[in-house]
Amino acid sequence: AQTVTQSQPEMSVQEAETVTLSCTYDTSESDYYLFWYKQPPSRQMILVIRQEAYKQQNATENRFSVNFQKAAKSFSLKISDSQLGDAAMYFCAYRSSNYGQNFVFGPGTRLSVLP
Amino acid sequence: DSGVTQTPKHLITATGQRVTLRCSPRSGDLSVYWYQQSLDQGLQFLIHYYNGEERAKGNILERFSAQQFPDLHSELNLSSLELGDSALYFCASSVVLAGATDTQYFGPGTRLTVL
């Protein structure tokens, strides 16, 4: 079974600085999808960014970008120009491309943004 | 706003009682997923329905059941409630069962408190 690990339970960053959240996963599959979700204090789960494993190019969404290293099974999230509103729990998630498979979420990283 | 709606937002009940949580997926989405998130915990997958049929079960207790109706809304039934069932229950929906990126979009959650 696939597993997702986030080794940093908590992180902090100064406003306007850059921070990188780590995520590693374990799978024997070659085709899959990876996601980062953000959960602010409101507890709403918000999609931040997604990456298809077959794409070599790293996904980017405005200030959010990923460093996808397929061979290393690593999928880190970089937040540039951090803002106070970025403070949240961040969950990394894996989804197999196989029929009927579901998301596997990591335990989360709590990000604090310091003014 | 993800387009996924959940009712009620908050629910307070007593041990031994039964409750029903409701979810309406995004327009056009056929898959509905239920998750449980206890305080400061990650997401635990409960169950997945696709177009009215159960597709996968996760760590769902026998006291819990779900169904998806012809109009695609879904209900999660929790019975013989225990204090430990207090949690945030999320519903998520996605377009297709497999293929594409099949991103899950989350509702705002129902916060269940069992006293």
Side-chain angles (χ1 to χ4, degrees), chain A residues 1-10 21 23 25 29 31-55 57 59 61 66 68 75 88-112, chain B residues 1-6 9-10 23 26 29-51 53-60 66 86-113:
Chain A
Q2 295 85 8
T3 58
V4 177
T5 302
Q6 294 177 251
S7 59
Q8 307 150 316
E10 296 185 357
L21 309 184
C23 172
Y25 55 95
E29 299 174 335
D31 195 15
Y32 48 86
Y33 309 106
L34 296 164
F35 305 80
W36 278 98
Y37 282 88
K38 165 186 176 181
Q39 188 178 41
S42 67
R43 306 296 296 273
Q44 174 74 53
M45 291 288 288
I46 302 166
L47 175 68
V48 175
I49 200 165
R50 61 190 178 202
Q51 173 82 42
E52 292 88 345
Y54 63 85
K55 290 186 178 179
Q57 186 174 8
E61 288 287 345
V66 298
F68 173 48
F75 182 61
M89 281 288 285
Y90 285 82
F91 292 97
C92 178
Y94 170 101
R95 187 195 183 282
S96 166
S97 63
N98 290 334
Y99 181 87
Q101 295 299 307
N102 297 292
F103 276 46
V104 177
F105 284 86
T109 296
R110 184 176 301 279
L111 177 68
S112 300
Chain B
D1 185 358
S2 67
V4 180
T5 60
Q6 289 187 249
K9 287 187 177 179
H10 301 278
C23 168
R26 296 187 319 156
D29 284 1
L30 299 178
S31 276
V32 169
Y33 308 79
W34 286 97
Y35 294 89
Q36 179 192 56
Q37 185 181 35
S38 300
L39 188 63
D40 291 332
Q41 298 292 314
L43 287 161
Q44 294 293 321
F45 167 68
L46 296 178
I47 199 164
H48 169 204
Y49 275 85
Y50 174 75
N51 203 21
E53 294 185 5
E54 181 185 304
R55 287 300 186 181
K57 270 187 175 180
N59 299 319
I60 187 167
S86 295
L88 189 57
Y89 291 84
F90 283 108
C91 164
S93 75
S94 65
V95 175
V96 294
L97 184 60
T101 312
D102 197 18
T103 300
Q104 291 190 9
Y105 294 92
F106 285 79
T110 292
R111 183 177 299 279
L112 173 65
T113 302

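Remember, predicted model here, so these are calculated numbers, not experimental data. Quick note on labels: first sequence line is chain A, next is B, and so on, each numbered from 1.
What you find for A/R43 and B/F90 is that their closest heavy atoms are O-CZ, 2.9 Å.
In this structure, chain B has a heavy atom under 4.5 Å from the side chain of A/Y37, while its backbone stays farther away.
Taking NE2 of B/H48 as the reference point, atom CZ of A/F103 lies at 10.0 Å (rounded to 0.5 Å).
Considering only residues two or more places apart in sequence or on other chains, B/F45 meets the ring pair (Phe, Tyr, Trp, His ring centres under 6.0 Å) condition with B/Y35.
Checking side-chain atoms of A/Q44 against main-chain N and O of B/D1 turns up no donor-acceptor pair under 3.5 Å.
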For side-chain contact (heavy atoms from CB on, under 4.5 Å), just list the numbers for A/F105 and B/Q37, CA-CA rounded to whole Å, side-chain angles, deciding distance to a tenth of an Å, and then say yes or no.
CA-CA 11 Å; A/F105 284 86; B/Q37 185 181 35; over 6 Å; no
